[in-house]
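Worksheet for the structure shown next.
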Amino acid sequence: MLHLPLERQLRQAVAAVLADADPALLRVRPCPDARFGDYQTNSLMGLARERKLNPRQLAADVVARLDVGEWSEPPEIAGAGFINFRLRPTAVARALQEALRGEHLFVQPAVTPRTVVVDFSSPNVAKPMHVGHIRSTILGDCLARTLRRLGHRVMTDNHLGDWGTQFGKLIVGWKRSLDAAALAQDAVGEMERLYQTVHAACETDAALLESARQELVRLQGGDAENLAIWRQMIDLSQHQFDTIYARLGVRFDHTLGESFYNPRLKTVVQELASRGIARESEGAMVVFFEDVPELKAHPAIIQKSDGAANYATTDLATLAYRLETWRPDEIVYVTDGRQQLHFKQIFAAFRRWQPQAHLQLAHVWFGSILGEDGKPFKTRSGGTVKLADLLDEAQERARRVVTEKAPALPEAERQEIARIVGLGAIKYSDLLPNRQSDYVFNWDKMLALSGNTAPYLQYAYTRIRSIFRKLPDSAPEAVHWLAQAQAQCPLAAAEELRLAKHLLNFGLVLEAVAQEYRPNYLCTYLYELAGHFTGFYETCPVLKAGEPERSSRLALCDLTARVLQDGLAVLGIETSERM
RNA sequence: GCGCCCGUAGCUCAGUCGGAUAGAGCAUCUGCCUUCUAAGCAGAGGGUCCCGCGUUCGAGUCGCGGCGGGCGCGCCA
């Protein structure tokens with residue numbers, strides 16, 4: 001967080017040299033290589049180019065006016081016009097003391113908190129949650145947690161697929177071949193069976209297909225019996241969703257499914273039609289985007305030729321409802337990449353509909369989950385992999401490892417560790433790759449307990465906690481270091497200083513995650529933090545060190561544990577005291 | 001046909017928006033447990049960043065053209 005005063009001073013210095021330079025373009029970032037220093041700015045080279053100035057001369061002029069001695073050694077000009085800063089250890093120590101006093105944990109809360117709606121997960125009623133839902137659920141939850149951690153107001157909303165043509169077939173199945181015992185045993189499995197049975201039969205049975213259509217029409221028309229069946233299907237499904245979300249630790253502020261917006265659909269269509277945004281084409285109501293080159297060939301249908309609305313209509317109604325009700329600054333949609341065109345259409349249609357709205361819209365998309373063969377991930381028999389089974393297997397595999405590595409721990413504790421490690425492994429392996437990459441699902445890699453994985457980070461945390469368990473009750477609290485550190489610089493060892501400096505960048509990384517919707521930045525940061533900690537752990541004895549090193553190192557351990565725990569919590573991953 | 005994304009070490013992938021000598025994990029090889037948890041650490045080898053042209057002080061990153069792969073493209077969501 002010491003890049004902040006450096007950046008502030010840089011802006012002042014540049015303003016003194018070039019009064020009209022845009023301060024927003026002036027940034028101080030961590031150096032890519034510690035040999036150059038701790039922080040750098042490369043902004044002056046861009047500035048020099050715009051104005052046809054000599055970049056090194058500009059850097060020299062700026063450095064001459066740069067007052068950063070409180071935090072940094074004298075800045076150095078390097079290369080084509082970089083300015084490098086090397087933090088003074090006393091400034092690092094000061095930031096650590098603030099954190100020990102509880103003033104911050106290396107995160108600066110947002111100066112202007114925003115209201116952000118995060119739309120994610122969105123499973124379908126009457127279907128089991130499967131691997132296809134995992135990325136949206138984990139990514140969306142992590143982004144919500146990141147934004148909250150930075151001090152923003154966040155509303156999570158689960159836009160359930162609880163309406164649509166599939167309910168015609170489901171109701172036919174429910175009425176004709178429902179197995180009550182199976183429903184009591186595994187409601188979602190039974191509903192899935194009903195749908196698949198009827199769907200397959202409709203291929204050859206035209207009369208059955210017609211029945212399904214009629215049941216759908218009755219449902220849409222408000223038929224009491226069909227509505228009751230439909231509501232029961234939602235309740236049974238919601239129970240399944242709640243079970244999974246509880247296991248994953250995912251929480252929604254709202255669960256407003258597609259059906260919630262049914263009463264608003266007609267109005268949306270009428271309004272778009274009357275405003276000339278949508279027009280009739282081949283019997284359907286269609287929004288054309290002649291002015292958007294990318295969408296010129298891709299108009300959006302908002303009402304089918306049979307008069308029914310579709311998902312574009314629902315999404316527009318949803319968007320408008322959220323805007324009216326919650327007044328957000330931003331809405332984030334977390335879905336897979338195949339819906340890119342759809343969201344471009346929705347956003348473009350919305351801009352034309354409500355051009356005055358100050359609302360940021362983000363489609364945060366992610367790649368597919370593939371099997372080892374590079375094709376969409378399936379079970380050996382070719383079915384979809386159910387999320388509950390996936391979580392079970394992760395925990396079971398983790399349990400075997402825990403039992404092998406820590407046989408002395410009581411059974412109940414090993415179970416709990418296996419839960420934390422197994423779920424952590426799944427989440428971390430999902431958040432670690434760039435979200436836009438296709439994700440190759442691999443049990444061994446996911447649950448590998450070495451390398452850049454959740455267990456490695458969780459293990460680093462337990463090693464720290466283990467030190468504190470060994471602390472005699474009479475030992476001074478870590479905060480006692482405060483008094484000692486006033487007079488002397490305790491961060492003498494290179495490993496200590498490196499670890500301490502890395503702690504400072506926690507907030508910077510969280511901001512990057514929120515800015516680009518990329519949790520993998522946080523994964524990388526935490527992995528580096530754990531790496532710096534183990535480097536420190538190997539070379540710097542803590543409990544056996546004399547004072548003041550001992551207190552200083554205890555403080556460093558305490559802060560590292562807190563950042564690790566907090567960072568993992570932002571990823572939605574728990575920590576354990578022992579492993 | 002058009003659009004979006006991808007192509008980086010043997011394998012799986014990062015690369016913070018154009019910055020400095022391109023990084024990590026796995027795998028391979030060499031060391032390190034009488035010492036706060038070895039689920040660990042230290043070190044080594046390994047590269048035509050798909051190809052070509054361009055933009056500029058500087059390109060894995062931007063533009064154009066190819067090659068290869070994935071996905072999408074009016075009444076499913």
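Because only heavy atoms are used, hydrogens play no part in the values below, and waters and symmetry mates are left out as well, while side chains stay in. Order of the sequence lines fixes the chain letters, A, B, ..., with proteins taken first and strands second; residue numbering starts at 1 for each chain.
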Gln345(A) CD to C73(B) P, straight-line distance once rounded to whole Å: 10 Å

Report the distance from atom OH of Tyr311(A) to atom P of G72(B), rounded to the nearest whole Å. 12 Å

Want to settle it: does Phe36(A) or Ala406(A) sit nearer the 5' end of RNA chain B, counting the closest nucleotide to each? Phe36(A)

Atom pair distance, as rounded to whole Å: CZ in Arg29(A) and P in U16(B): 13 Å

Tell me every residue that passes side-chain contact (heavy atoms from CB on, under 4.5 Å) with Ile420(A), counting only those two or more places apart in sequence or in another chain. Glu416(A), Gln458(A), Glu574(A), Ser576(A)

Show your reasoning for whether side-chain contact (heavy atoms from CB on, under 4.5 Å) applies to Leu556(A) and Phe533(A). CA-CA 9 Å; Leu556(A) 203 45; Phe533(A) 173 74; over 6 Å; no

Please check the phosphate of U37(B) (OP1 and OP2 only) for any side-chain N or O of Thr462(A) closer than 4.0 Å. no

Tell me what Arg35(A) touches on the nucleic acid: a base, only sugar-phosphate, or nothing, going by heavy atoms under 4.0 Å. base

Return the value, rounded to whole Å, for the distance between atom OH of Tyr537(A) and atom P of A42(B). 14 Å

Nucleotide C33(B), atom P - distance to CZ of Arg463(A) in whole Å: 15 Å

Let me know the distance between CZ of Phe533(A) and C1' of U37(B), rounded to the nearest Å. 11 Å

Here the distance between atom P of G74(B) and atom CZ of Phe289(A), to the nearest Å, is 14 Å

Check: protein-nucleotides 54-61 of chain B nitrogen or oxygen pairs below 3.5 Å:
residue : atom : partner  : partner atom : Å
C57(B)  : N4   : Arg49(A) : NH2          : 3.3
G58(B)  : N7   : Arg49(A) : NH2          : 3.3
G58(B)  : O6   : Arg49(A) : NH2          : 2.6

Can you tell me if Lys405(A) touches the phosphate of G40(B), counting only side-chain N or O atoms and a distance under 4.0 Å to OP1 or OP2? no

Donor-acceptor pair under 3.5 Å, Asp336(A) side chain vs A77(B) base: no

Quick tally for nucleotides 3-14 of chain B: nucleotides whose base has a protein heavy atom under 4.0 Å get B, sugar-phosphate-only ones S, the rest -, giving -SS------SSS

Quick one: label Glu282(A) by what it contacts on the DNA or RNA (base, sugar-phosphate, nothing), any heavy atom closer than 4.0 Å. base

Report yes if some heavy atom in the side chain of Arg149(A) is under 4.5 Å from a heavy atom in the side chain of Phe506(A); otherwise report no. yes

Whole-Å gap separating C1' (U37(B)) and CG (Leu409(A)): 11 Å

Closest-nucleotide 5' rank along RNA chain B - winner of Lys304(A) and Phe536(A): Phe536(A)

